[in-house]
**Student:** 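Just dropping this structure here.
Values in this document were obtained by computation on a predicted structure and should not be read as measured data. Letters A, B, ... mirror the listed sequences (proteins, then strands); counts begin at 1. Side chains included, hydrogens not; waters and symmetry mates left out as well; all remaining heavy atoms used.
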Amino acid sequence: MGKNFWLVKSEPEVYSIDSLEKDMETPWEGVRNYQARNFMRDSMCVGDKVLFYHSNADPTGVAGVATVSSPPIPDETQFNKKSEYFDPKATPQKPNWICVKIAFKEKFKTIITLAEIKSNKALKDMVLVQPGSRLSVQPVTQKQFETILGMARRK
DNA sequence: GCCAACGTTGGC
DNA sequence: GCCAACGTTGGC
């Protein structure tokens, strides 16, 4: 339990690390990519550590840390006709989209920017910096996670 | 706002 | 099952 490490992306104008700090916990809804869903459904465990990344932001980068705080649960937005994430093919008996809840852990004093991540050789294998990679939920290694944390502590 | 890269959809 | 067209992501 709690031995995997992840990175999730969010546009801060939609949901930022400050939003999570205020809510303390939130279902990670609205992911509509099968690979990302499969990570949440099949591989995430309660207690896993999560880097919270701000995309389409100024600056873009890792803004803080969260933890996985629930087992996989159906993403409720797929049943809501009014939601932009509504999926007419999904039913409560046969949900198509699965998510987990994440809980606030910490907000970094400053963002660890994408530029800083790219210039750190220890992080060159991160999924985040692979050309063309757009996964919004992605695995990171323990070492990558600790490297980012170290950069945040040092600033 | 632009645009490259990727994922999904749908005709055949 | 192929693949062109379209939509989305996300850095810049």
**Student:** Checking A/Asn80 against A/Tyr85: is there a side-chain donor and acceptor pair closer than 3.5 Å?
**Tutor:** no
**Student:** What is the distance, rounded to the nearest whole Å, between atom CD1 of A/Ile111 and atom P of C/dG11?
**Tutor:** 12 Å
**Student:** Judged by each residue's nearest nucleotide on DNA chain B, which is more toward the 5′ side, A/Ser133 or A/Lys89?
**Tutor:** A/Ser133
**Student:** Would you mind reading off the distance between A/Arg134 atom CZ and C/dG11 atom C1', rounded to a whole angstrom?
**Tutor:** 12 Å
**Student:** Please report the distance, rounded to the nearest Å, between OH in A/Tyr85 and P in C/dT8.
**Tutor:** 11 Å
**Student:** Starting the side chain at C-beta, find the nucleotide from B/dG7, C/dC12, C/dG10 nearest to A/Asn33.
**Tutor:** B/dG7
**Student:** Hey, which of A/Lys9, A/Glu11, A/Glu13 is the one that makes side-chain hydrogen bond (donor to acceptor under 3.5 Å, both in side chains) with A/Asn56?
**Tutor:** A/Glu11
**Student:** List the steps and the verdict of salt bridge (charged side-chain N to carboxylate O under 4.0 Å, His left out) for A/Lys3 and A/Asp48.
**Tutor:** CA-CA 6 Å; A/Lys3 44 182 170 313; A/Asp48 282 359; over 6 Å; no
**Student:** Measure the distance from CD on A/Gln35 to C1' on B/dC6 and round it to the nearest whole Å.
**Tutor:** 11 Å
**Student:** So which of A/Lys82, A/Glu84, A/Arg32 actually passes side chain to side chain contact (heavy atoms under 4.5 Å, CB included) with A/Thr77?
**Tutor:** A/Arg32
**Student:** Nearest whole angstrom, please: distance from the C1' of C/dT8 to the CD of A/Glu11.
**Tutor:** 11 Å
**Student:** Taking the six-membered ring for Trp, are A/Trp97 and A/Tyr34 closer than 6.0 Å centroid to centroid?
**Tutor:** yes
**Student:** On DNA chain B, check which nucleotide each of A/Asn56 and A/Gly132 is closest to and give me the residue with the more 5' one.
**Tutor:** A/Asn56
**Student:** Taking CG from A/Leu7 and P from C/dG10, how many angstroms apart are they, rounded to a whole number?
**Tutor:** 10 Å
**Student:** Within this structure, what is the CD-to-P distance between A/Gln130 and C/dG11, rounded to whole angstrom?
**Tutor:** 14 Å
**Student:** Could you give the CD-to-P distance, from A/Glu13 to C/dG11, as a whole number of Å?
**Tutor:** 14 Å
**Student:** Does A/Lys9 place a side-chain N or O at less than 4.0 Å from the phosphate oxygens OP1/OP2 of C/dT8?
**Tutor:** no
**Student:** Is there, by distance only and without an angle test, a donor paired with an acceptor across the side chain of A/Arg32 and the base of C/dT8 below 3.5 Å?
**Tutor:** no
**Student:** Do the side-chain N or O atoms of A/Tyr53 get closer than 4.0 angstrom to the phosphate oxygens (OP1, OP2) of C/dG11?
**Tutor:** yes
**Student:** Would you mind telling me which of C/dG10, B/dA5, C/dG11 lies closest to the side-chain atoms of A/Ser136?
**Tutor:** C/dG10
